[in-house]
Amino acid sequence: MPETTTSLTDELREILSFERGWWKYAGAKETEIRHRFDMSPTRYAQVLLGVIDHPAAMAADPTLVRRLQRLRDGRRAQRTRLT
């Protein structure tokens, strides 16, 4: 049976929702991350990068997840070219 969005925690669903439209909020993204999620921007990025490979995240918002995966893969390729 395929996984569904119900297998994501509330926090992970909220992170995906925030990432979908963070520019709508006043102030810096980093400040909003600390306020909303009580975590550092670095930890937020780690959690976000982990969730975008989760099948339930793809089911919840495939357009956002594919965009984030492309950005991640592009950054990885850039780092590889620099070494």
Side-chain angles (χ1 to χ4, degrees):
M1 182 168 157
E3 293 185 3
T4 65
T5 56
T6 58
S7 62
L8 290 177
T9 65
D10 290 340
E11 181 181 51
L12 293 178
R13 281 192 298 276
E14 180 64 25
I15 286 173
L16 286 175
S17 176
F18 174 74
E19 195 62 28
R20 187 178 313 114
W22 63 265
W23 59 87
K24 299 174 188 173
Y25 303 102
K29 182 178 182 181
E30 293 80 13
T31 303
E32 191 65 24
I33 288 168
R34 288 182 191 281
H35 175 72
R36 275 180 174 251
F37 303 109
D38 193 29
M39 65 177 72
S40 71
T42 301
R43 180 66 187 140
Y44 172 88
Q46 291 169 339
V47 171
L48 181 63
L49 289 176
V51 75
I52 63 174
D53 288 325
H54 197 292
M58 183 64 81
D61 195 334
T63 303
L64 172 67
V65 170
R66 282 193 294 272
R67 180 176 61 84
L68 293 172
Q69 288 172 338
R70 279 192 310 272
L71 289 170
R72 176 198 59 197
D73 296 345
R75 288 183 190 114
R76 282 182 182 166
Q78 180 70 23
R79 283 193 307 271
T80 301
R81 286 191 296 270
L82 294 175
T83 59

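Index from 1, following the sequence. Note: hydrogens, waters and symmetry copies are ignored here, and every other heavy atom, side chains too, is used.
- Checked against side chain to side chain contact (heavy atoms under 4.5 Å, CB included), Thr31 has the following partners two or more places apart in sequence or in another chain: Ala28.
- Here the closest non-hydrogen pair linking Phe18 and Glu32 is CE1-CG, 3.4 Å.
- For the pair Ile33 and Ser40, the tightest heavy-atom approach, listed with the atom from each and the gap, is CG2-O, 4.1 Å.
- With values rounded to the nearest 0.5 angstrom, Leu64 atom CG is found 7.5 Å from Leu48 atom CG.
- When atom types are taken as modelled, the side chain of Thr80 and the backbone of Arg76 share a donor-acceptor pair closer than 3.5 angstrom.
- Taking the charged nitrogens against the carboxylate oxygens, Arg70 and Asp73 have no contact shorter than 4.0 Å, which rules out a salt bridge.
- Expressed to the nearest 0.5 Å, how far CZ of Arg20 lies from CG of Leu68 amounts to 10.0 Å.
- With a 4.5 Å cut-off on side-chain heavy atoms, Lys29 and Tyr44 count as touching.
- With sequence neighbours excluded, no residue satisfies side chain to side chain donor-acceptor pair (under 3.5 Å) with Arg67.
- Counting heavy atoms from C-beta outward, Phe37 and Glu14 have side chains that approach closer than 4.5 Å.
- By the side chain to side chain contact (heavy atoms under 4.5 Å, CB included) test, Gln69 is found to be paired with Ile52, Asp53, Met58, Val65, Arg66, Arg72, residues two or more places apart in sequence or in another chain being considered.
- Looking at every heavy atom in both residues, Ala57 comes nearest to Val51 through CB-O, 3.2 Å.
- Rounded to the nearest 0.5 angstrom, Thr42 OG1 and Gln46 CD are separated by 6.5 Å.
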